[in-house]
Colleague: 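Please find one structure pasted underneath; my questions will follow.
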Amino acid sequence: MGLKELIFGEGDGYDYSVLCMPSLPWRNTRRPMKLYPLDEPLPLLASLVMGLQHAFAMVGGLITPPYVVAKFTIDAFPFTKVDLQQYAIVAALITR
């Protein structure tokens with residue numbers, strides 16, 4: 001197995017456009033999803049892209065609830081106590 005196969009995968013079994021291009025619901029053409037061939041190790045590029053997406057989703061899920069709660073409960077609108085908002089976000093990141 002060479003470096004190219006290690007990074008991008010072997011053969012034409014991997015379709016990286018599936019990761020980047022949205023599938024529009026009003027289009028009649030459906031592309032078959034060819035990303036995971038059966039019983040093959042996942043290439044590094046696909047692992048890095050999916051890992052980065054997972055990390056962004058985790059951070060967004062951790063930061064959003066304390067931000068929303070602090071925004072709508074502490075002094076309501078306009079939010080002037082930025083230090084309390086920052087404290088709530090840091091506390092959410094530390095306790096998870």
Side-chain angles (χ1 to χ4, degrees):
M1 178 185 290
L3 186 62
K4 182 179 176 185
E5 288 83 17
L6 182 65
I7 294 174
F8 297 109
E10 294 182 14
D12 60 347
Y14 291 94
D15 185 14
Y16 287 100
S17 66
V18 172
L19 291 175
C20 302
M21 300 299 293
S23 60
L24 304 173
W26 57 83
R27 277 194 157 160
N28 291 335
T29 59
R30 291 271 175 155
R31 293 182 304 187
M33 196 157 183
K34 304 184 315 183
L35 186 62
Y36 302 111
L38 188 62
D39 296 330
E40 284 188 23
L42 195 60
L44 289 176
L45 181 64
S47 299
L48 290 173
V49 168
M50 290 181 204
L52 188 63
Q53 183 227 1
H54 185 72
F56 284 148
M58 286 190 322
V59 170
L62 282 172
I63 290 177
T64 302
Y67 178 74
V68 169
V69 168
K71 183 101 175 153
F72 292 111
T73 59
I74 303 171
D75 284 346
F77 291 108
F79 190 71
T80 57
K81 307 229 186 241
V82 178
D83 55 343
L84 291 175
Q85 180 183 16
Q86 291 173 350
Y87 177 76
I89 291 173
V90 169
L93 290 173
I94 290 172
T95 58
R96 298 290 168 157

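Nothing here was measured: the structure is a model prediction, and the numbers come from that model. Each residue takes its place number in the sequence, starting with 1.
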Colleague: State which residues pass side chain to side chain contact (heavy atoms under 4.5 Å, CB included) with L48; sequence neighbours excluded, sorted by chain then number.
Modeller: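 Scan of L48 (side chain to side chain contact (heavy atoms under 4.5 Å, CB included), adjacent residues dropped) gives none.
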
Colleague: Any non-hydrogen side-chain atom of M50 less than 4.5 Å from a side-chain atom of H54?
Modeller: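 Sidechains of H54 and M50: no contact.
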
Colleague: What's the spacing between I7 CD1 and L44 CG if we round to 0.5 Å?
Modeller: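 Output value for this atom pair is 6.5 Å.
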
Colleague: Identify the heavy atoms of G61 and P65 that sit nearest to each other, and give their distance.
Modeller: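 It is O-CD, 3.0 Å.
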
Colleague: Flag yes if L3 and L45 sit in one hydrophobic cluster, no otherwise; membership is Ile, Leu, Val, Met, Phe, Trp, Tyr, and two members link when side-chain heavy atoms are under 4.5 Å apart.
Modeller: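 Yes.
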
Colleague: Looking at residues at least two apart in the chain, or sitting in another chain, which of them share a side chain to side chain contact (heavy atoms under 4.5 Å, CB included) with V59?
Modeller: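 For V59, the residues satisfying side chain to side chain contact (heavy atoms under 4.5 Å, CB included) (neighbours in sequence not counted) are I63.
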
